[in-house]
Amino acid sequence: MSTTTSGVTPYYFVPHPSRHPVFAAAGLFFVILGAANWINGNHWGMYSVFLGLLWLFFVLFQWFRDSIRESEGGQYSRKIDLSFRWSMSWFIFSEVMFFGAFFTALWWMRSHSVPALGGLDNALLWPDFKAVWPSVAPGTTASPANIIEPFQTMTPFWLPTINTALLLSSGATLTVAHHALRAGHRAQTILFMWITVLLGLTFVFVQGYEYFHAYHELNLKLSSGAYGSTFFMLTGFHGFHVIVGMLMLLFITLRLMAGHFTPEKHFGFEGAAWYWHFVDVVWLGLYTLVYWL
């Protein structure tokens, strides 16, 4: 059923037919249409992208508002809570596979593609080529035809290490906030949630400065061969996930300040926390494989 009877939570809440999915799909359509035309030189595509994004965010705001009202109105039973947990679990699993594909691509290029370019069958074409990954031998570009501008690789000191400390600290403050919520200490929960959000925001700014440093001082760009493309794809997508996770935590914090969630019922908080801890774990793998090896 879609409504409660005499304030009783339904066994399994089924919402009324909603306009939100089709409206969100319309926004995404104009985003993709605009992006495809923008990259092909049609200037009007830029306006389509931004208008589509604005429309999508407007729809998502209304959609999330309705979901919050349903939750706070007592519509969600234990069965709905279980559905949410399974949904978030599968979503994070899909993200694991997403990053796993990029880590696999990095491994394949380092272990197979670049060494293959230095094989005997290519020795006549590129006799001076060093088939080693740029982070292993400074000055190499992993480009046998020398079509890549010289660049320096990114080392773990000190910006990536600072960002590692920031993310690990944010995971700790988020855990403290979770324990405080379960203990019924709302003020302490809100305090540590704000600290977590600020740590995430600081991470984003540090990574932005790292990109500025890479482009202008190391000449490391997305076009810097296999190393540059994997570096920016991995760190860039992770940075995007940090921004998404930070926004999730921000809205959860605002909901806490509005009196939402109880010590017994707070999966919205837990779902955002799962996502943030996943982002932390991905960064540890990225920090090790991209910056150290």
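Note: hydrogens, waters and symmetry copies are ignored here, and every other heavy atom, side chains too, is used.
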Check residues 246-254 and write down every donor-acceptor pair under 3.5 Å in which the side-chain atom is one partner and the other belongs to a residue at least two apart or another chain.
from	atom 1	to	atom 2	distance (Å)
Thr253	OG1	Leu249	O	2.7

**OP:** Give the intermediate values and the outcome of side chain to side chain contact (heavy atoms under 4.5 Å, CB included) for residues Leu199 and Ile195.
**Re:** CA-CA 6 Å; Leu199 288 171; Ile195 294 174; 4.1 Å; yes
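- In this structure, CG on Leu191 lies 14.0 Å from CZ on Arg186, to the nearest 0.5 angstrom.
- For the residue pair Gly239 and Gln207, the shortest heavy atom distance occurs at CA-OE1, 3.6 Å.
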**OP:** Starting from the C-alpha separation in whole Å, work towards a yes-or-no answer on side chain to side chain contact (heavy atoms under 4.5 Å, CB included) for Gln75 and Arg69.
**Re:** CA-CA 9 Å; Gln75 302 278 32; Arg69 286 175 176 173; over 6 Å; no
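- Under a hydrophobic-cluster definition in which Ile, Leu, Val, Met, Phe, Trp and Tyr are linked whenever side-chain heavy atoms come within less than 4.5 Å, directly or via other members, Val132 and Leu117 are assigned to different clusters.
- Listed here is the closest heavy atom pair of Asp280 and Leu167: OD2-O, 3.4 Å.
- Formation of a donor-acceptor pair under 3.5 Å by the Asn37 side chain with backbone atoms of Leu33 is found in this model.
- A distance-only check finds a donor-acceptor pair linking the side chain of Thr161 to the backbone of Pro156 [under 3.5 Å].
- Between Ile68 and His260, the closest heavy-atom pair is CG2-CE1, 3.5 Å.
- Between the side chain of Asn219 and the backbone N or O of Gln152 there is no donor-acceptor pair closer than 3.5 Å.
- Partners of Thr175 by side-chain contact (heavy atoms from CB on, under 4.5 Å), not counting sequence neighbours, listed by chain and number: His179, His277.
- The aromatic ring centres of Phe232 and Tyr211 sit less than 6.0 Å apart.
- Counting only residues at least two apart or in different chains, side chain to side chain donor-acceptor pair (under 3.5 Å) contacts with residues 89-106 comprise Glu95-His241.
- Checking side-chain atoms of Ser170 against main-chain N and O of Gly200 turns up no donor-acceptor pair under 3.5 Å.
- Aromatic pair Tyr76/Phe84: ring centres closer than 6.0 Å.
- Minimum interatomic distance between Leu284 and Thr288 (heavy atoms only, all atoms of both residues): O-OG1, 3.0 Å.
- Residues Leu159 and Leu293 fall within the same hydrophobic cluster, defined by Ile, Leu, Val, Met, Phe, Trp and Tyr side chains chained together at heavy-atom separations under 4.5 Å.
- Listed by chain and residue number, nothing satisfies the side-chain hydrogen bond (donor to acceptor under 3.5 Å, both in side chains) test with Gln188 (two or more places apart in sequence, or in another chain).
- When all heavy atoms are compared, the tightest approach of Phe103 to Val282 is CZ-O, 4.1 Å.
- Under the 4.5 Å side-chain heavy-atom criterion for ILVMFWY residues, a single connected hydrophobic cluster contains both Trp276 and Phe91.
- For the pair Val290 and Leu106, the minimum side-chain heavy-atom distance is below 4.5 Å.
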Extract all donor-acceptor atom pairs below 3.5 Å that involve side chains of residues 43-61 and protein atoms in other chains or at least two apart in sequence.
from	atom 1	to	atom 2	distance (Å)
Ser48	OG	Phe30	O	2.7
Trp55	NE1	Phe23	O	3.0

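- In this structure a side-chain-to-backbone donor-acceptor pair under 3.5 Å is missing from Ser71 to Ser67.
- Applying the ring-ring contact (aromatic ring centres under 6.0 Å, His included) criterion to Phe203, with sequence neighbours excluded, gives His238, Trp283.
- Counting heavy atoms from C-beta outward, Val96 and Phe98 have side chains that stay 4.5 Å or more apart.
- Heavy-atom neighbours of Glu149 CD from other residues, nucleotides or ligands within 6.0 Å: at or below the threshold of 12.
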**OP:** Quick one: do Phe278 and Phe93 satisfy ring pair (Phe, Tyr, Trp, His ring centres under 6.0 Å)? Show the steps, please.
**Re:** CA-CA 10 Å; Phe278 160 75; Phe93 175 75; over 10 Å; no
Subject >> Verdict with supporting geometry, Phe267 and Trp274, side chain to side chain contact (heavy atoms under 4.5 Å, CB included) >> reply: CA-CA 10 Å; Phe267 177 70; Trp274 290 1; 3.8 Å; yes
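- In this structure, Phe99 has its ring center at least 6.0 angstrom away from the ring center of Phe237.
- Residues Phe151 and Tyr227 place their aromatic rings such that the two centres sit under 6.0 Å apart.
- The two atoms that bring Gly271 and Met88 nearest to each other are O-CE, 3.2 Å, heavy atoms only.
- Between Trp107 and Phe102, the distance from one ring center to the other does not fall under 6.0 angstrom.
- Hydrophobic clustering of Ile, Leu, Val, Met, Phe, Trp and Tyr side chains at less than 4.5 Å, counting indirect connections, unites Met233 with Val244.
- For Arg255 (side chain) and Phe269 (main-chain N/O), no donor-acceptor pair under 3.5 Å exists by modelled atom type.
- Side chain to side chain, Thr153 and Tyr291 fail the donor-acceptor criterion of an N or O pair below 3.5 Å.
- A distance-only check finds no donor-acceptor pair linking the side chain of Asn42 to the backbone of Trp38 [under 3.5 Å].
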Subject >> Intermediate values then yes/no, side chain to side chain contact (heavy atoms under 4.5 Å, CB included), Arg110 and Ser135 >> reply: CA-CA 10 Å; Arg110 291 192 59 159; Ser135 61; 4.0 Å; yes
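- Atom NE2 in His213 sits 9.0 Å away from atom CG in Leu220 (nearest 0.5 Å).
- The environment of Lys79 atom NZ is sparse: at most 12 non-hydrogen atoms of other residues, nucleotides or ligands sit within 6.0 angstrom.
- To the nearest 0.5 Å, atoms CG (Leu234) and CG (Leu289) are separated by 8.5 Å.
- Heavy atoms of other residues, nucleotides or ligands lying less than 6.0 angstrom from CZ of Arg182 number 12 at most.
- Judged purely by atom type and a 3.5 angstrom limit, Ser224 uses its side chain to pair as donor or acceptor with the backbone of Lys221.
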**OP:** Any chance you could lay out the ring pair (Phe, Tyr, Trp, His ring centres under 6.0 Å) test for His178 and His266, step after step, and finish with the verdict?
**Re:** CA-CA 10 Å; His178 190 193; His266 51 266; 5.3 Å; yes
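- Atom OH of Tyr209 is separated from atom CG of Asn163 by 13.0 Å, given to the nearest 0.5 angstrom.
- Atoms OG and NE2, from Ser18 and His16 in turn, are 11.0 Å apart once rounded to the nearest 0.5 Å.
- Under the 4.5 Å side-chain heavy-atom criterion for grouping Ile, Leu, Val, Met, Phe, Trp and Tyr, Phe157 is connected to Met154 within one hydrophobic cluster.
- To the nearest 0.5 Å, atom CZ of residue Phe13 and atom OG of residue Ser77 are 10.5 Å apart.
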